[in-house]
A.B. asks: 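Supplied in structure tokens, the structure appears directly below.
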Amino acid sequence: NYNALKDNLKSENISKIVVRKNDGQEIVAIDTIIAIEAQEAYSCIHTISNNYLMSKNLKHFETIFEQNNMFFRSHKSWLINLKKITSFSKTKLEIEMEKNIIAKLSKYKKLEFEAVMMK
């Protein structure tokens with residue numbers, strides 16, 4: 001925890017978070033996160049190498065990453081890493097991410113998402 005905090009204080013953006021594992025804790029680099037999916041009162045963090053279930057809601061992560069332009073809230077249940085998108089369907093309102101993760105795109109977020117993707 002201390003090392004992750006120290007690294008985050010050196011930067012304007014958070015670069016690492018600490019997640020719980022069965023046998024302790026692990027430091028996860030933000031750029032390895034593909035998406036975060038809400039699962040009731042929990043959040044499933046999908047990374048390149050693992051998935052982690054945390055007892056934090058999606059709003060918690062959205063607040064942490066609000067300064068980081070890498071993440072976008074595509075749906076009430078999804079916070080996605082824009083750099084990990086492989087394709088998206090406007091008609092199905094689905095976003096395909098790395099590792100074949102399919103995130104939802106809210107019809108209310110569609111125009112905002114398209115604007116972000118054009119940047």
Side-chain angles (χ1 to χ4, degrees):
N1 284 350
Y2 174 73
N3 288 332
L5 175 62
K6 198 166 73 171
D7 289 344
N8 285 335
L9 290 174
K10 290 178 188 175
S11 173
E12 289 184 20
N13 288 328
I14 292 175
S15 61
K16 299 175 183 175
I17 61 171
V18 178
V19 296
R20 290 187 187 260
K21 287 181 61 174
N22 294 341
D23 55 347
Q25 298 176 335
E26 186 171 323
I27 296 174
V28 174
I30 300 303
D31 59 357
T32 65
I33 296 174
I34 298 169
I36 304 174
E37 178 184 8
Q39 295 180 348
E40 296 180 17
Y42 294 87
S43 293
C44 181
I45 302 173
H46 301 277
T47 69
I48 294 169
S49 58
N50 273 319
N51 292 334
Y52 304 94
L53 190 63
M54 294 200 52
S55 61
K56 303 282 185 197
N57 62 23
L58 205 55
K59 183 68 176 171
H60 169 80
F61 293 104
E62 187 178 21
T63 302
I64 288 174
F65 300 144
E66 70 185 345
Q67 299 294 325
N68 192 326
N69 294 332
M70 189 179 355
F71 290 90
F72 178 78
R73 181 82 178 254
S74 65
H75 186 271
K76 66 180 181 178
S77 300
W78 287 92
L79 183 64
I80 61 170
N81 184 337
L82 295 169
K83 294 181 179 180
K84 306 291 184 190
I85 295 172
T86 56
S87 66
F88 68 95
S89 169
K90 292 180 188 181
T91 54
K92 292 182 183 178
L93 296 176
E94 292 179 342
I95 304 167
E96 186 174 341
M97 311 294 294
E98 290 181 7
K99 286 182 60 180
N100 296 320
I101 295 168
I102 306 294
K104 294 179 182 177
L105 176 61
S106 166
K107 64 182 178 183
Y108 304 109
K109 293 280 194 163
K110 185 177 171 185
L111 292 175
E112 185 181 349
F113 176 72
E114 290 173 347
V116 168
M117 292 303 294
M118 294 299 168
K119 288 183 182 179

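In this chain, numbering begins with 1 at the start of the sequence shown.
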A.B. asks: Can you tell if the side chain of K107 reaches within under 4.5 Å of the side chain of K110, non-hydrogen atoms only?
C.D. replies: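 No, their side chains stay 4.5 Å or more apart.
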A.B. asks: Which value, rounded to the nearest 0.5 Å, describes the distance between M117 atom CE and I95 atom CD1?
C.D. replies: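 Answer for the CE-CD1 pair, M117 versus I95, is 8.0 Å.
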A.B. asks: Could you check I85 against M97 for side chain to side chain contact (heavy atoms under 4.5 Å, CB included), going step by step and ending with a plain yes or no?
C.D. replies: CA-CA 4 Å; I85 295 172; M97 311 294 294; 3.7 Å; yes
A.B. asks: Using the rule that Ile, Leu, Val, Met, Phe, Trp and Tyr join whenever any side-chain heavy atoms are under 4.5 Å apart, tell me whether Y52 and I17 fall into a single cluster.
C.D. replies: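 Yes, because Y52 and I17 connect within a single hydrophobic cluster, where side-chain heavy atoms sit under 4.5 Å apart.
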A.B. asks: Can you give the donor-acceptor pairs under 3.5 Å from side chains of residues 74-84 to other protein atoms, not counting sequence neighbours?
C.D. replies:
residue: S74; atom: OG; partner: K104; partner atom: O; Å: 2.8
residue: H75; atom: ND1; partner: S77; partner atom: N; Å: 3.0
residue: N81; atom: OD1; partner: K83; partner atom: N; Å: 3.0
residue: N81; atom: ND2; partner: I33; partner atom: O; Å: 2.8
residue: K84; atom: NZ; partner: D31; partner atom: O; Å: 3.1

A.B. asks: Could you state the interatomic distance from CD1 (I102) to CD (E37), rounded to the nearest 0.5 Å?
C.D. replies: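 I102 CD1 to E37 CD: 11.5 Å, rounded to 0.5 Å.
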A.B. asks: Just jot down the ring-ring contact (aromatic ring centres under 6.0 Å, His included) partners of F65, sequence neighbours excluded, or say none.
C.D. replies: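 With sequence neighbours excluded, F65 shows a ring-ring contact (aromatic ring centres under 6.0 Å, His included) to F71, given in chain and number order.
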A.B. asks: State yes or no: do I36 and M70 share one hydrophobic cluster built from I, L, V, M, F, W and Y residues joined by side-chain heavy-atom distances below 4.5 Å, directly or via other members?
C.D. replies: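 Hydrophobic grouping puts I36 with M70.
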A.B. asks: Check ring-ring contact (aromatic ring centres under 6.0 Å, His included) between F88 and all other residues, then give those that pass, not counting sequence neighbours.
C.D. replies: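 ring-ring contact (aromatic ring centres under 6.0 Å, His included) check on F88 returns F113.
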A.B. asks: So if you build clusters from Ile, Leu, Val, Met, Phe, Trp, Tyr with side-chain heavy-atom gaps below 4.5 Å, do L58 and Y42 land together?
C.D. replies: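 In one cluster: no.
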A.B. asks: Say you draw a straight line from CG of N57 to OG of S43; how long is it, rounded to the nearest 0.5 Å?
C.D. replies: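 Spacing of CG (N57) from OG (S43) equals 6.0 Å.
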A.B. asks: Identify whether I101 and V28 are in the same connected component of the hydrophobic contact network (ILVMFWY, side-chain heavy atoms under 4.5 Å).
C.D. replies: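 Each belongs to a different hydrophobic cluster.
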A.B. asks: For S89 and E94, indicate whether the former's side chain and the latter's backbone hold a donor-acceptor pair under 3.5 Å.
C.D. replies: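 Pair absent, no side-chain N/O of S89 close to backbone of E94.
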A.B. asks: So for atom NZ, which belongs to K56, do other residues, nucleotides or ligands contribute more than 12 heavy atoms lying within a distance under 6.0 Å?
C.D. replies: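 It does not: K56 NZ has 12 such atoms or fewer within range.
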A.B. asks: Is there a continuous path of hydrophobic side-chain contacts, each under 4.5 Å between heavy atoms, that joins I34 to V116?
C.D. replies: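 I34 clusters together with V116.
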A.B. asks: How long is the gap from CZ on R73 to CD on E112, to the nearest 0.5 Å?
C.D. replies: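 That separation rounds to 11.5 Å.
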A.B. asks: Taking atom OG of S55 and atom NE2 of H60, what is their separation to the nearest 0.5 Å?
C.D. replies: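 That separation rounds to 9.0 Å.
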A.B. asks: If I take atom CD from residue Q39 and atom CE from residue M54, how far apart are they, to the nearest 0.5 angstrom?
C.D. replies: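 One finds 13.0 Å between CD of Q39 and CE of M54.
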